[in-house]
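Every chain is numbered from 1, with letters handed out A, B, ... down the list of sequences.
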There are 2 protein chains.
Amino acid sequence: MTINQDTFTGEFSFTIDAKGRVNIPAKFRQSLAPENDQTFVITRGMDPCIWVYPLTAWQIIEDDLKDLSAISGINRSFIRNTVRYASSVTFDKQGRIMLSTNLLEYSHLKKDALIIGMVNKIEIWDPSILAKVDQQNLKMDSSEYDELADKIIL
Amino acid sequence: MTINQDTFTGEFSFTIDAKGRVNIPAKFRQSLAPENDQTFVITRGMDPCIWVYPLTAWQIIEDDLKDLSAISGINRSFIRNTVRYASSVTFDKQGRIMLSTNLLEYSHLKKDALIIGMVNKIEIWDPSILAKVDQQNLKMDSSEYDELADKIIL
DNA sequence: ATAGCTTACCCACTATTACCCATAATATAT
DNA sequence: ATATATTATGGGTAATAGTGGGTAAGCTAT
């Protein structure tokens with residue numbers, strides 16, 4: 001069965017060990033295209049979570065960043081803040097990646113991690129933080145949410 | 001593991017020792033293409049920080065400068081100010097480079113250094129200076145920043 | 001030339017990381 | 001069901017990374 005390469009769906013619970021390692025769900029590892037050399041790029045999400053990109057997807061972002069002129073200060077700030085927290089990680093023989101303390105603190109992750117497929121990327125959340133953020137978004141923009149559902153859900 | 005050569009991402013904290021040496025993060029040293037002969041070119045950044053180029057990337061800049069006509073005074077000034085503060089540095093067996101007092105003063109670096117991958121170059125910042133500059137840029141042009149994010153982030 | 005300073009090269013220590021093996025639980029196959 | 005493979009998790013250890021410092025060679029200026 002050939003699952004769509006580099007697309008991720010579903011939710012998985014994992015534990016972060018004392019060394020800061022988490023397992024990437026086997027399903028996600030298998031749908032990672034071979035060109036990625038078993039490596040992801042992890043970085044800060046726009047929400048307080050960790051974003052995980054297939055290497056090749058991240059390289060597209062990098063290529064776009066290279067095209068931005070360095071003359072503009074705002075461009076430089078944007079490149080810095082986009083790239084700053086990103087690091088490429090290859091998973092070990094057990095399928096785990098290492099998370100930096102920086103990213104762990106940013107996402108408030110401690111022991112339990114919720115790993116969620118977001119189609120073209122993966123998110124790693126602390127369960128309680130996710131609940132809070134989602135609840136807040138829905139409270140603020142529930143009508144917008146419904147419009148989206150109306151447009152997209154079959 | 002074949003990471004993109006001569007591209008740098010991520011943030012690293014280092015200390016500048018009494019002799020003015022800083023370590024180049026191992027990850028950056030490894031992604032430096034062999035043609036560079038373990039040497040970078042360091043110079044003043046457009047922000048108050050140090051810019052670090054792979055040698056071959058800097059040589060492209062020099063080639064472009066050669067093509068500028070020397071008839072024009074503005075050309076001569078541009079060439080002068082671009083090249084003036086640049087010097088090539090090879091890292092030692094421990095992976096460190098030496099920073100000139102000139103560059104240290106320009107970037108207000110004292111003991112702590114934040115080394116940031118900027119895709120095709122590297123920046124060395126004093127942490128407190130970086131915070132100030134970034135904050136100022138974002139305050140001034142936050143809408144421009146959001147536009148960039150919308151265009152580039154996957 | 002020589003004193004004084006700077007630079008390049010060498011060695012040493014410590015903490016972190018990468019790599020390996022082990023186990024328990026789950027899934028797959030015969 | 002029983003055997004076999006695959007997952008998720010824990011932990012040990014050797015290699016590496018980052019940091020500090022010593023010393024000899026090279027410059028600079030008198």
Side-chain angles (χ1 to χ4, degrees), chain A residues 1 3 8 10-32 37-42 50 52 55 86-105 109-117 122 124-127, chain B residues 1-3 8-32 37-42 50 52 55 86-105 109-117 122 124-127:
Chain A
M1 180 178 56
I3 290 197
F8 313 95
E11 173 188 77
F12 304 85
S13 285
F14 284 95
T15 60
I16 301 174
D17 70 19
K19 293 182 182 173
R21 299 175 293 188
V22 240
N23 211 305
I24 296 291
K27 214 175 189 180
F28 289 176
R29 274 165 5 219
Q30 285 154 3
S31 45
L32 187 68
D37 277 323
Q38 311 201 311
T39 103
F40 292 98
V41 172
I42 60 178
I50 297 175
V52 184
L55 175 61
S87 71
S88 68
V89 287
T90 305
F91 48 84
D92 65 17
K93 216 182 273 181
Q94 281 71 245
R96 292 170 294 192
I97 60 173
M98 268 260 319
L99 303 176
S100 67
T101 48
N102 192 311
L103 287 176
L104 287 173
E105 281 167 19
L109 281 159
K110 1 171 230 68
K111 187 148 181 34
D112 296 316
L114 214 49
I115 303 191
I116 302 179
I122 299 165
I124 306 179
W125 284 87
D126 178 86
Chain B
M1 182 177 55
T2 3
I3 288 198
F8 312 94
T9 59
E11 172 188 76
F12 303 86
S13 285
F14 283 96
T15 59
I16 301 174
D17 69 19
K19 295 180 182 174
R21 299 175 295 187
V22 240
N23 211 306
I24 296 291
K27 220 171 186 185
F28 289 176
R29 270 157 18 211
Q30 287 156 2
S31 45
L32 187 68
D37 278 323
Q38 311 200 313
T39 104
F40 292 99
V41 172
I42 59 178
I50 297 175
V52 184
L55 175 60
S87 69
S88 69
V89 287
T90 305
F91 49 83
D92 66 16
K93 212 182 275 182
Q94 279 71 245
R96 292 171 292 194
I97 60 172
M98 269 258 322
L99 302 176
S100 67
T101 48
N102 191 309
L103 286 177
L104 286 173
E105 280 167 20
L109 280 160
K110 4 171 227 64
K111 187 149 180 34
D112 297 314
L114 213 50
I115 304 190
I116 302 180
I122 299 165
I124 306 179
W125 284 86
D126 178 86

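Distances shorter than 4.0 Å separate none of the side-chain N or O atoms of B:Q30 from OP1 or OP2 on D:dT16. Considering only side-chain N and O atoms, B:K93 lies nowhere under 4.0 angstrom from the phosphate OP1 or OP2 of C:dC9. In terms of phosphate contacts, B:R29 brings a side-chain nitrogen or oxygen within less than 4.0 Å of OP1 or OP2 of D:dG18. Residue B:Q94 places no side-chain N or O under 4.0 Å from the OP1 or OP2 atom of C:dA8. Checking the phosphate oxygens (OP1, OP2) of C:dT6, no side-chain nitrogen or oxygen of B:T101 falls inside 4.0 Å.
The side chain of B:K19 lies closest to D:dT23 when the candidates are D:dG10, D:dT19, D:dT23. Comparing D:dG21, D:dT9, D:dG10 by their closest approach to the side chain of A:N23 singles out D:dT9. Closest contact between the side chain of B:R21 and the listed nucleotides C:dA8, D:dG21, D:dG18 involves D:dG21. Among the nucleotides D:dT19, D:dG18, C:dT7, the one closest to any side-chain atom of B:M98 is C:dT7.
The distance from atom CZ of B:R96 to atom C1' of C:dA12 is 12 Å, rounded to the nearest whole Å. Regarding A:I97, its CD1 atom lies at a distance of 12 Å from the P atom of C:dA18, rounded to whole Å. Protein atom CZ of B:F14 is 13 Å distant from nucleotide atom C1' of C:dA15, rounded to whole Å. Rounded to an integer number of Å, the gap from B:D92 CG to D:dT23 C1' is 15 Å. Residue B:F12 contributes atom CZ, which lies 21 Å from atom P of C:dA15 at whole-angstrom precision. Here the P atom of nucleotide D:dT7 and the CZ atom of A:F91 are 11 Å apart, to the nearest Å. Rounded to an integer number of Å, the gap from CG of B:D112 to P of D:dG18 is 16 Å. Rounded to a whole Å, the CG atom of A:D17 is 15 Å from the C1' atom of D:dT7.
Using a 4.5 Å heavy-atom cutoff, the side chains of A:L32 and A:F91 are in contact.
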Side chain to side chain contact (heavy atoms under 4.5 Å, CB included) between A:L104 and A:I16, intermediate numbers included: CA-CA 10 Å; A:L104 287 173; A:I16 301 174; 4.0 Å; yes

Worked check of side chain to side chain contact (heavy atoms under 4.5 Å, CB included) between B:I42 and B:S87: CA-CA 6 Å; B:I42 59 178; B:S87 69; 3.8 Å; yes

Stepwise side chain to side chain contact (heavy atoms under 4.5 Å, CB included) test for B:I115 and B:I122: CA-CA 7 Å; B:I115 304 190; B:I122 299 165; 3.5 Å; yes

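Within the 3.5 Å criterion, the main-chain N or O of B:K19 finds a donor-acceptor partner in the side chain of B:D17.
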